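Here the structure is a predicted model, which is why all the values come from computation and not from measurement. Keep in mind that the numbers below use all heavy atoms, side chains included, and drop hydrogens, waters and symmetry copies.
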Amino acid sequence: MKTDLPQSFRRLEYRAPNYTFSQVDLDIALDPARTIVKSRLEVLPGAGHEAGTPLLLQGHELEFVSLRINGEAHRQFELTPETLTIHALPNEGKQAFIVEIICVCVPEKNTSLMGLYVSNGNFFTQCEAEGFRKITYFLDRPDVMARYRVTLRAREAECPVLLSNGNLISTEKLPNGWHSAVWEDPFPKPSYLFALVAGKLECIEETITTSSGAQKLLQIWVEPHDLKKTRHAMDSLIASIHWDEKRYGLELDLERFMIVAVSDFNMGAMENKGLNVFNTKFVLAQPETATDADFANIESVVAHEYFHNWTGNRVTCRDWFQLSLKEGLTVFRDQEFSADQMGSESGRAVKRIEDVRLLRQLQFPEDAGPMAHPIRPDEYQEINNFYTVTVYEKGAEVVRMYQTLLGLEGFRKGMDLYFKRHDGQAVTCDD
């Protein structure tokens with residue numbers, strides 16, 4: 001009897017990409033029933049390039065419209081439900097060239113909550129681990145890092161707020177009640193860190209001064225009726241930013257930092273560059289209804305996603321086997337932040353006891369059962385099954401061993417060297 005087993009991916013079979021992107025320009029006309037996505041990709045030969053190799057892009061649940069290369073219509077391609085393979089590339093792909101693709105997605109029918117979807121009339125995205133391919137055809141892998149410039153268009157009455165990664169460049173009124181916003185992220189990032197949010201939202205905002213004297217705008221965007229529940233999350237964000245400056249010398253690198261809270265979100269939170277998207281559980285709280293544990297969880301998760309700005313975003317994973325590179329390290333960082341927030345050595349001890357209790361209750365049974373796996377697995381069939389307490393919490397304990405062995409000062413020197421060597425790169429746990 002023939003059975004179709006899921007494809008296995010193995011760490012030791014990693015191959016560098018044949019092609020990579022230096023610049024990604026997206027023009028997205030938002031409509032729940034028919035969102036039109038125009039992408040312009042500056043393509044370069046990658047580290048694994050072989051002359052004449054076709055450009056293989058991933059795409060899922062997309063309607064293909066057109067393809068142009070270097071401004072000319074291109075018809076030598078193959079289309080499947082999962083891929084777009086482009087043949088006959090200019091100069092066999094040995095030099096840079098421009099690919100322009102127009103496609104359509106349907107956010108209102110996207111119930112997976114991966115890619116671009118609609119919740120309560122607002123648009124949201126979730127692209128980790130492999131959701132970007134549901135927005136446009138792309139090299140949807142973490143070791144392809146590019147700078148993004150994003151133009152969002154929508155009907156202003158339905159989507160007065162248009163947000164994406166990076167810095168806001170311009171806004172414009174358009175005919176027929178539409179408007180647009182242009183966002184630019186100056187730092188290379190993989191597609192899993194892309195985000196857009198659009199809809200009827202309001203924000204609480206603060207302006208802070210960082211250690212270099214720069215002014216930074218902080219915003220937390222929520223549905224209007226939730227605005228009164230955001231103060232603690234904002235205080236947690238400010239404390240996180242100042243702690244990372246003091247402890248690791250890491251400064252907020254964009255003009256603004258935004259958090260958005262949405263009730264329909266299938267993770268606790270996501271560290272998209274400069275535009276974190278959270279489940280409301282980890283943003284909204286007020287003393288009348290929230291417990292001490294609620295407040296502590298919000299402080300911890302806000303810190304965790306902010307700390308990813310450097311440990312995960314500026315330095316990211318070469319492939320998904322390296323997930324603990326960002327998650328184990330960042331859990332360790334948020335644990336240390338929460339311990340310092342306790343304000344005393346006894347408070348730090350209480351926090352450490354809580355972390356170890358969690359490890360014993362959840363991670364030890366995982367290690368002792370059929371789901372046992374190392375913090376860097378060697379094989380997987382579905383990457384979303386590896387967001388585990390082993391990768392996160394046990395990964396954090398491995399990082400903590402470094403600090404125990406090297407001491408605080410030695411560990412800080414190691415972290416400084418890590419960023420000096422690998423800023424802007426996709427690397428491995430060994431790095």
**Q** Can you tell me if His242 uses its side chain to pair, donor with acceptor, with the backbone of Ser240 under 3.5 Å?
**A** no

**Q** Ignoring hydrogens and angles, tell me if any N or O in the side chain of Ser300 forms a donor-acceptor pair with the backbone of Ala296 under 3.5 Å.
**A**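 Checking the backbone N and O of Ala296 against the side chain of Ser300, no donor-acceptor pair under 3.5 Å is found.
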
**Q** With side chains defined as the heavy atoms from C-beta onward, is the minimum distance between Met145 and Phe21 less than 4.5 Å?
**A** no

**Q** In terms of ring plane angle, is the pair Tyr380 and Phe386 parallel, tilted or perpendicular, where the classes change at 30° and 60°?
**A** perpendicular

**Q** Answer yes when Arg231 and Glu206 have at least one side-chain N-carboxylate O distance shorter than 4.0 Å, and no when they do not.
**A** yes

**Q** Return yes if a side-chain donor-acceptor contact under 3.5 Å exists between His308 and Glu327, otherwise no.
**A**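 Side-chain D/A pair, His308 to Glu327: present.
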
**Q** Taking the inter-plane angle between the rings of Phe124 and Tyr117 on a 0 to 90° scale, is it parallel (under 30°), tilted (30 to 60°) or perpendicular (over 60°)?
**A**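 The rings of Phe124 and Tyr117 sit tilted, inter-plane angle from 30° to 60°.
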
**Q** Could you check Asp355, Leu359, Leu362 and say which one makes a side-chain contact (heavy atoms from CB on, under 4.5 Å) with Glu393?
**A**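 Option passing the side-chain contact (heavy atoms from CB on, under 4.5 Å) with Glu393: Leu359.
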
**Q** Could you verify whether a donor N or O on one side chain and an acceptor N or O on the other, from Thr280 and Lys229, lie under 3.5 Å apart?
**A**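 No, because no side-chain N or O of Thr280 sits under 3.5 Å from a partner of the opposite role on Lys229.
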
**Q** Are side-chain N/O atoms of Tyr192 and Thr316 paired as donor and acceptor at under 3.5 Å?
**A**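 Yes, Thr316 and Tyr192 have a side-chain donor paired with an acceptor closer than 3.5 Å.
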
**Q** Under a 4.5 Å cut-off applied to non-hydrogen side-chain atoms, are Arg153 and His179 in contact?
**A**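 Sidechains of His179 and Arg153: no contact.
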
**Q** Assign the ring pair Phe64 / Phe77 to parallel, tilted or perpendicular, where the plane angle (0 to 90°) is split at 30° and 60°.
**A** tilted

**Q** Less than 4.0 angstrom from a charged side-chain N to a carboxylate O is my criterion; do Asp319 and Arg11 meet it?
**A**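 Arg11 and Asp319: not salt-bridged.
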
**Q** Salt bridge or not between Lys216 and Asp253? Use side-chain N to carboxylate O under 4.0 Å.
**A**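 No.
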
**Q** So, Arg147 versus Ser22: side-chain donor-acceptor pair below 3.5 Å or not?
**A** no

**Q** Within the 3.5 Å criterion, strictly below it, is a donor on Glu336 or Tyr248 matched to an acceptor on the partner's side chain?
**A**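 On atom types as modelled, these side chains do not qualify, holding no pair under 3.5 Å.
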
**Q** Less than 4.5 Å apart, any side-chain heavy atom of Cys105 and any of Asn110?
**A** no

**Q** Can you find a pair of side-chain heavy atoms, one from Pro6 and one from Glu382, that are under 4.5 Å apart?
**A**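 Not in contact.
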
**Q** When you compare the side chains of Glu223 and Asn120, does any donor N or O come within less than 3.5 Å of an acceptor on the partner?
**A** yes

**Q** Are Asn272 and Asn165 linked by a side-chain donor-acceptor pair shorter than 3.5 Å?
**A** no

**Q** Answer with yes or no whether the side chains of Glu251 and Ser212 bring together a donor and an acceptor at under 3.5 Å.
**A** yes

**Q** Would Lys394 and Glu366 pass as an ion pair if we require N to O under 4.0 Å?
**A**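 Salt bridge absent between Lys394 and Glu366.
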
**Q** How far does CG of Leu152 sit from CG of Leu26, to the nearest 0.5 angstrom?
**A** 9.0 Å

**Q** Return the orientation label for the Trp243 and Phe307 ring planes: parallel under 30°, perpendicular over 60°, tilted otherwise.
**A** tilted

**Q** Report yes if the side chains of Asn276 and Val260 come closer than 4.5 Å at any heavy-atom pair, otherwise no.
**A** no

